[in-house]
Engineer: 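What follows is a single structure, and I will ask about it in a moment.
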Amino acid sequence: MDKQTVRDFDPSGRRVFVRVDFNVPLEDGKVTDDTRIRAALPTIKYLLDRNAIVILASHLGRPKGKVVESMRLRPVAERLGQLLGRQVRVTGDAIGVGTTDALARMKPGQVILLENLRFHPEEEANDPEFAKTLASYADVYVNDAFGTAHRAHASTVGMAELLPAYAGFLMEREINALSSLIENPERPFAAVLGGAKVSDKVKVLENLVSKCDTFCVGGGMANTFLVAKGYTVGKSLLEQDRVEDAKRILADAEARGVTFVLPTDVVVAKEVTRGAEHKVVPASKVPNSWSIVDAGPATMRAFEEALQPARTVLWNGPLGVFEIPTFGDGTRAMARFLAGRAEEGVTTVVGGGDSVAALDQLGLAEKMTHVSTGGGASLEFLEGITLPGVAVLRDRDQATEAGA
Ligand code: ADP
Ligand code: MG
């Protein structure tokens, strides 16, 4: 990676501000999924073991610049405390006199969590004064919140410009995994794209078509491609205004000699609801009043055949309406297939909130080479955009002494 990391400065005795992504689901004041807290542990432990004063900060939910009691970070601090085996204090506010006092009393080897950054509208506005206040708390800045690196906020960009800024271990892992896909994947390199809409991912499609050898497209977005090829899709999810984009992408793939696989058969349902009548039909014969809800068995065989030679596979987006288990066969088959390929030494990278949720349901996340924690951020990375929260971190060839 061309960015400096926590390994590139001596944290001992220094005040280190760590931007983490503790945007976790809460229910009745308890954390229901602590994956993101666990993901930040390596960086936090590394710094504490080396006697840093660790100041953690995160957002949670969308409080829109106001204090929302149900979005306080206390349950997160409790869970983090359990994982670290020590008490973790949370301040009453991200800034203010109480916070300044609490921070002034901290000793090396101690950790504190600032209250939800987004209780202040200045956070998302990247307000310079707010950024300056946050920066005044620390000597060094570390970003371990890959999931928010595509946003230029006070805690991801503004304050990072004011301090020596480094990548945490999670950030490093994400950048390494995703950039090796874009820069030098082991070939053949295949992408499997699904999910709801072409519009969400048109730039990802465009960028990947220029990098991949093989492309499999399923999910709702495949419908727009089927229409681009002259098929009709009944009542299926369709973005008529993206048909031209789909045509252009198909033409580009053809010109580049990319193998582009679309569904040949699909599961259609009378309604996109649990228990609705459904059947498998050829993709060219979708009945007028039915909706495509999943990839058919012949499609899955074609996808697997096309992916078989790949040494690197990127998967983003479910292949059907997997939230309804009856329409999740394609998504589950892909998850199992990729887990098997990973066991054969193929590099398998999965990104996207819903795709990762599908993997988790099957307990297959651990099998993959890399599962990205950042939904929007990983998509923007795959579009080929330099994320502002990454750009601001110290380059590898910059002087290494922090504060220099
Ligand atoms: P990710 O979060 O992995 O990037 P998306 O958010 O793009 O994925 O898409 C996930 C959504 O796509 C799911 O809610 C799923 O129900 C929906 N989806 C998949 N296939 C279809 C389809 N054929 N018709 C409608 N929605 C679909
Ligand atoms: Mg999603």
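Counting convention: from 1, in listed order, for ligands and their atoms alike. For the numbers below, each heavy atom of this structure counts, side chains included, while hydrogens, waters and symmetry mates do not.
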Engineer: Using a 3.5 Å cut-off on N or O atoms only, is I292 in polar contact with ligand 1?
Structural biologist: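 Checking ligand 1 against I292, an N or O pair does fall under 3.5 Å apart.
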Engineer: I'd like to know if K3 and E172 make a salt bridge, using a cut-off of under 4.0 Å between side-chain N and carboxylate O.
Structural biologist: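 Salt bridge between K3 and E172, a charged N being under 4.0 Å from a carboxylate O: no.
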Engineer: Taking both backbone and side-chain atoms of G220, is any N or O found less than 3.5 Å from an N or O belonging to ligand 1?
Structural biologist: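 Between G220 and ligand 1 (N or O atoms, distance only) the closest approach is under 3.5 Å.
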Engineer: Would V76 and V90 count as a side-chain contact (heavy atoms from CB on, under 4.5 Å) if you check the C-alpha gap in whole Å, the side-chain angles of each, and the deciding distance to 0.1 Å?
Structural biologist: CA-CA 9 Å; V76 173; V90 49; over 6 Å; no
Engineer: Could you find the nearest protein heavy atom to atom 1 (P) of ligand 1 and give me its residue, atom name and distance?
Structural biologist: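 Checking every protein heavy atom, the shortest distance to atom 1 (P) of ligand 1 gives D354 N, 3.7 Å.
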Engineer: Regarding ligand 1, does G194 bring an N or O atom to under 3.5 Å of one of the ligand's N or O atoms?
Structural biologist: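 N/O-N/O distance below 3.5 Å does not exist for this pair.
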Engineer: Would you mind telling me which of L84, D34, V88 makes a side-chain contact (heavy atoms from CB on, under 4.5 Å) with R79?
Structural biologist: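 The passing option is D34.
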Engineer: Is the shortest distance from a Lys or Arg side-chain nitrogen in E69 or R72 to a carboxylate oxygen in the other one below 4.0 Å?
Structural biologist: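 Yes, this pair counts.
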Engineer: To which protein heavy atom is atom 12 (O) of ligand 1 closest, and what is the distance rounded to 0.1 Å?
Structural biologist: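 Looking only at protein heavy atoms, the one closest to atom 12 (O) of ligand 1 is A196 N, 3.1 Å.
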Engineer: Compute the minimum heavy-atom distance from K201 to ligand 1 and say whether it is under 4.0 Å.
Structural biologist: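 Contact check K201 vs ligand 1: positive.
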Engineer: Does D245 pair with R242 as a salt bridge, N-O distance under 4.0 Å?
Structural biologist: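 A salt bridge is present here (some side-chain N lies under 4.0 Å from a carboxylate O).
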Engineer: List in chain and number order the residues that pass side-chain hydrogen bond (donor to acceptor under 3.5 Å, both in side chains) with D252, two or more places apart in sequence or in another chain; answer none if no residue qualifies.
Structural biologist: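 If we apply the side-chain hydrogen bond (donor to acceptor under 3.5 Å, both in side chains) test to D252, skipping adjacent residues, the hits are R256.
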Engineer: Is the shortest distance from a heavy atom of G317 to ligand 1 less than 4.0 Å?
Structural biologist: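 It does, in that a heavy atom of G317 comes within the 4.0 Å cut-off of ligand 1.
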Engineer: Return all protein N, O or S atoms below 2.8 Å from the Mg ion (ligand 2), chain by chain in residue order.
Structural biologist: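 Checking every protein N, O and S atom gives D354 OD2.
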Engineer: Say whether G353, considering both its backbone and side-chain N or O atoms, lies within less than 3.5 Å of an N or O atom on ligand 1.
Structural biologist: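 Looking only at distances, the answer is yes, because the N/O contact criterion of under 3.5 Å is met.
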Engineer: What protein heavy atom sits nearest atom 15 (C) of ligand 1, and how far off is it?
Structural biologist: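 That would be E323 OE1, 3.5 Å.
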Engineer: Within the 3.5 Å criterion, strictly below it, is a donor on T373 or E174 matched to an acceptor on the partner's side chain?
Structural biologist: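 There is such a pair between these side chains.
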Engineer: Say whether N223, considering both its backbone and side-chain N or O atoms, lies within less than 3.5 Å of an N or O atom on ligand 1.
Structural biologist: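 N/O-N/O distance below 3.5 Å does not exist for this pair.
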Engineer: Output side-chain donor-acceptor pairs under 3.5 Å for residues 337-351, partner residues at least two apart or in another chain, one line each.
Structural biologist:
| residue | atom | partner | partner atom | Å |
| --- | --- | --- | --- | --- |
| R341 | NH2 | Q308 | O | 3.0 |
| E343 | OE2 | K367 | NZ | 3.1 |
| T348 | OG1 | T369 | N | 3.2 |
| T348 | OG1 | T369 | OG1 | 3.4 |

Engineer: Under a 4.0 Å threshold between the charged nitrogen and the carboxylate oxygen, would R396 count as salt-bridged to D8?
Structural biologist: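 Result for this pair is yes, salt bridge flagged.
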Engineer: Just by distance, with hydrogens left out, do R19 and S155 show a side-chain donor and acceptor under 3.5 Å apart?
Structural biologist: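 Yes, because at least one side-chain N or O of R19 sits under 3.5 Å from a partner of the opposite role on S155.
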Engineer: What is the nearest protein non-hydrogen atom to atom 19 (C) of ligand 1, stated with its residue, atom name and distance?
Structural biologist: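 Result: G320 O, 3.1 Å.
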Engineer: For atom 3 (O) of ligand 1, grab the closest protein heavy atom and report residue, atom and distance to one decimal in Å.
Structural biologist: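 Heavy-atom neighbour on the protein nearest atom 3 (O) of ligand 1: S355 OG, 2.4 Å.
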Engineer: Does CD in Q82 sit with more than 12 non-hydrogen atoms of other residues, nucleotides or ligands closer than 6.0 Å?
Structural biologist: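 Yes, because the 6.0 Å sphere around CD of Q82 holds more than 12 heavy atoms from other groups.
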Engineer: Check side-chain hydrogen bond (donor to acceptor under 3.5 Å, both in side chains) between T5 and all other residues, then give those that pass, not counting sequence neighbours.
Structural biologist: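 Testing T5 for side-chain hydrogen bond (donor to acceptor under 3.5 Å, both in side chains), a comparison that skips the adjacent residues, returns R7.
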Engineer: Any idea which atoms of ligand 1 are less than 4.0 Å away from a heavy-atom of N316?
Structural biologist: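 So the answer, numbered in order with elements, is 4 (O).
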Engineer: May I ask you to check whether D33 and T35 show a side-chain donor-acceptor distance below 3.5 Å?
Structural biologist: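 A donor-acceptor contact under 3.5 Å links the two side chains.
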Engineer: Which protein non-hydrogen atom lies closest to atom 26 (N) of ligand 1, naming both residue and atom, and how far is it?
Structural biologist: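 Protein heavy atom with the smallest distance to atom 26 (N) of ligand 1: V321 CG2, 3.8 Å.
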